[in-house]
K.L.:
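Sharing a structure, written as structure tokens. Questions coming.
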Number of protein chains: 2
Amino acid sequence: MVTNADQDYVKAIYRLQGQNRSVSTSSLAATLGVTSASVSGMLRKLDQARMVNLRRYRGVRLTERGRRTALEVIRRHRLIELFLVEILRMPWENVHGEAERLEHAVSDEVLARIDKLLGSPQRDPHGSPIPSPSGEIALLDRVRLDQTAPGVRGTICEVSDDDPEMLRHLSKLGLIPGARIDVREIQQIDETRLIGCGKKRCTVSPKVAAAVWISKDQ
Amino acid sequence: MVTNADQDYVKAIYRLQGQNRSVSTSSLAATLGVTSASVSGMLRKLDQARMVNLRRYRGVRLTERGRRTALEVIRRHRLIELFLVEILRMPWENVHGEAERLEHAVSDEVLARIDKLLGSPQRDPHGSPIPSPSGEIALLDRVRLDQTAPGVRGTICEVSDDDPEMLRHLSKLGLIPGARIDVREIQQIDETRLIGCGKKRCTVSPKVAAAVWISKDQ
DNA sequence: CAATAGAATTAGGAGTGCCTAACTTTTGCT
DNA sequence: AGCAAAAGTTAGGCACTCCTAATTCTATTG
């Protein structure tokens, strides 16, 4: 039986492992807000359930089964986020936490109806791609804004969805998915960036820039 | 902390206690699909949490606190049922089970938005009154169809929401909230009723009649 | 009013998922 | 290489909610 906690763990592992790098106990503990000891226990359980491959003291990787489960949960999460924004008109900065609970309670039938009502969308409100029902996900060719060099131009394709404060800040600056931006200048001292965004310009710290992904021009 | 199980228990007690009659362990066990031993344990816990008054071997009654909690959950449940029918176009016979899970996952903010979207409705899809946010509920002056005498006329105000099979059957017969009906005849042998319903007529067993409440004319 | 059927409770145990504290393994530095 | 810090694991517990089996209480009835 796949519990809510199982789903939360595979989802977190999926996010952390990126292009299939192995994920440490402590990074999971930090992400999930529990102790390393708890993570250790859960990973043993997930290993037995063949959701992950666990190598003691060396971290875990998702199995195919684990990956599929993670993508199902992510599909739920992102469709629910979009539903909350589009149908219930919730402010985008609050929908992440809400979806975090609802993703475990919504049946396949309800999810299918939400998907239909929204017209089988491809992106959630923060620009993240929504996996297909069969677990395919569009991989974006993107760069994190804090990794860009001066002169780079592009379009914001995605922002981190989990910190409401950050999201409020980003929308105040106009740094939202779809916005055209260019990197004007980077301060030596603290890596702060001067950004042109549409007709305005703004200054972003590395912390803020790390929450924004862009797809570079050409 | 009020857990999901706590909410399920107070909701079941509320339904079973009617006009404040005391509720037995075994009736709760049957309703909730668990053993009497489990109910006994939970009732002790709810008593300590001051949600119920427990008299050992004599059943429980909700406290004011328990009643308020029950009505909050029922409000959630019924608003969600209506939302599923009205917004997601789910067939009415399936929404009960769905709402049973969602009622524990939806935040106050989302519930408020659902309520607004639906125009602060007074009734759920099965005709049951929706409690106000502060826990007031309209008490209907109603009679169960299996308790009616021949000649009685009235309007269906409510039907049981929990059995999909029954609901499919009722809608096939046209026995839905708002329908005008009259009791033509009752068979001596098995209490089967001949019912006029709009321009049609139908035959209902006591079992089916027990799922239908009517408000009598004048 | 005593026997007994039925209802309720207690005792003991399981699975989940979290914790702290203690211990082991790995890693990084000199 | 050797040692200390950091990372990971195990041991032992707790809260929750369920279960079965055994026991106790209530209510009925002859």
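Here is the naming used below: chain letters follow the sequence lines, and residue numbers restart at 1 for every chain.
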K.L.:
When you check the phosphate oxygens OP1 and OP2 of dT16(C), does a side-chain N or O of T3(A) lie under 4.0 Å from one of them?
P.N.:
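So the side-chain polar atoms of T3(A) never come under 4.0 Å of the phosphate oxygens OP1 or OP2 of dT16(C).
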K.L.:
Without decimals, in angstroms, what is the distance between H104(B) NE2 and dT17(D) P?
P.N.:
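These atoms are roughly 11 Å apart.
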K.L.:
Establish, with yes or no, whether the OP1 or OP2 oxygen of dA27(D) is under 4.0 angstrom from a side-chain nitrogen or oxygen of R58(B).
P.N.:
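The answer is yes; a side-chain N or O of R58(B) sits under 4.0 Å from OP1 or OP2.
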K.L.:
Has S26(A) got a side-chain N or O lying under 4.0 Å from the OP1 or OP2 atom of dA6(D)?
P.N.:
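It does not, given that no N or O in the side chain of S26(A) lies less than 4.0 Å from OP1 or OP2 of dA6(D).
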K.L.:
Side chains of H77(B) and D124(B): is there a donor and an acceptor less than 3.5 Å apart?
P.N.:
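No, no side-chain donor-acceptor contact under 3.5 Å.
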K.L.:
What orientation do W92(B) and H126(B) show, parallel under 30°, tilted 30 to 60°, or perpendicular over 60°?
P.N.:
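The arrangement is parallel - the two ring planes meet at less than 30°.
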K.L.:
Would you say S215(A) and D141(A) are linked by a side-chain donor-acceptor pair, where the criterion is simply a distance under 3.5 Å?
P.N.:
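Result is no, nothing qualifies.
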K.L.:
Taking the nucleotide of DNA chain C with the nearest heavy atom to each, does G33(A) or L54(B) sit closer to the 5' end?
P.N.:
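Final value for this comparison: L54(B).
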K.L.:
With a 4.0 Å cutoff (strictly under), does any side-chain N or O of K45(A) reach OP1 or OP2 of dT16(C)?
P.N.:
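No, no such contact exists.
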K.L.:
Whole-Å distance between dA7(D) C1' and L28(A) CG?
P.N.:
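Taking atom C1' of dA7(D) as the reference, CG of L28(A) is at 13 Å.
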K.L.:
With the threshold set at 4.0 Å, does a side-chain nitrogen-carboxylate oxygen contact exist between K207(A) and E191(A)?
P.N.:
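Salt bridge absent between K207(A) and E191(A).
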K.L.:
Would you please name every residue forming a side chain to side chain donor-acceptor pair (under 3.5 Å) with S205(B), sequence neighbours left out?
P.N.:
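If we apply the side chain to side chain donor-acceptor pair (under 3.5 Å) test to S205(B), skipping adjacent residues, there are no hits.
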K.L.:
What I want to find out is whether K45(B) reaches D6(B) closely enough, with some N-O distance under 4.0 Å, to be called a salt bridge.
P.N.:
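A salt bridge links K45(B) with D6(B).
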K.L.:
Rounded to the nearest Å, what distance is computed from the CG atom of residue D47(B) to the C1' atom of nucleotide dT10(C)?
P.N.:
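The answer, rounded to whole Å, is 16 Å.
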K.L.:
Rounding to a whole Å, what distance do you find between Q48(A):CD and dG15(C):C1'?
P.N.:
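So the two atoms are 13 Å apart, to the nearest Å.
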K.L.:
Using a cut-off of less than 4.0 Å, is there contact between a side-chain N or O of T35(B) and OP1 or OP2 of dC18(D)?
P.N.:
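So the side chain of T35(B) is outside the cut-off, no N or O lying under 4.0 Å from OP1 or OP2 of dC18(D).
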K.L.:
I need the residues from residues 7-15 of chain B with at least one non-hydrogen atom less than 4.0 Å from DNA chain D; give them sorted by number, or say none.
P.N.:
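Y9(B), in order of number.
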K.L.:
Between R193(B) and E185(B), is there a side-chain N and carboxylate O pair less than 4.0 Å apart?
P.N.:
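No.
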K.L.:
Report, one pair per line, the protein and nucleotides 10-14 of chain D atoms (nitrogen or oxygen only) whose separation is under 3.5 Å.
P.N.:
{"from": "dT10(D)", "atom 1": "OP1", "to": "R56(A)", "atom 2": "NH2", "distance (Å)": "3.3"}

K.L.:
Just how far, in rounded Å, is P of dC18(C) from CG of L46(A)?
P.N.:
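Atom-to-atom, L46(A) to dC18(C), this comes out as 11 Å.
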K.L.:
Grab the CG-P distance between L16(A) and dA7(D) for me, whole Å please.
P.N.:
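Atom CG in L16(A) sits about 15 Å away from atom P in dA7(D).
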K.L.:
Please report, rounded to the nearest Å, how far the C1' atom of dC18(D) is from the CG atom of D6(B).
P.N.:
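Result: 14 Å.
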K.L.:
Do Q7(A) and V2(A) pass the side chain to side chain contact (heavy atoms under 4.5 Å, CB included) test, and can you show the C-alpha distance, the side-chain angles, and the key distance before you say yes or no?
P.N.:
CA-CA 7 Å; Q7(A) 295 180 11; V2(A) 181; 3.7 Å; yes
K.L.:
Rounded to whole angstrom units, what separation is found between the CE atom of M42(B) and the C1' atom of dA8(C)?
P.N.:
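After rounding, the gap between these two atoms is 17 Å.
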K.L.:
Whether the D162(B) and S160(B) side chains hold a donor-acceptor pair (N or O, under 3.5 Å, no angle test) is what I'd like checked.
P.N.:
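Their side chains do not contain a donor-acceptor pair, so the 3.5 Å distance test is not met.
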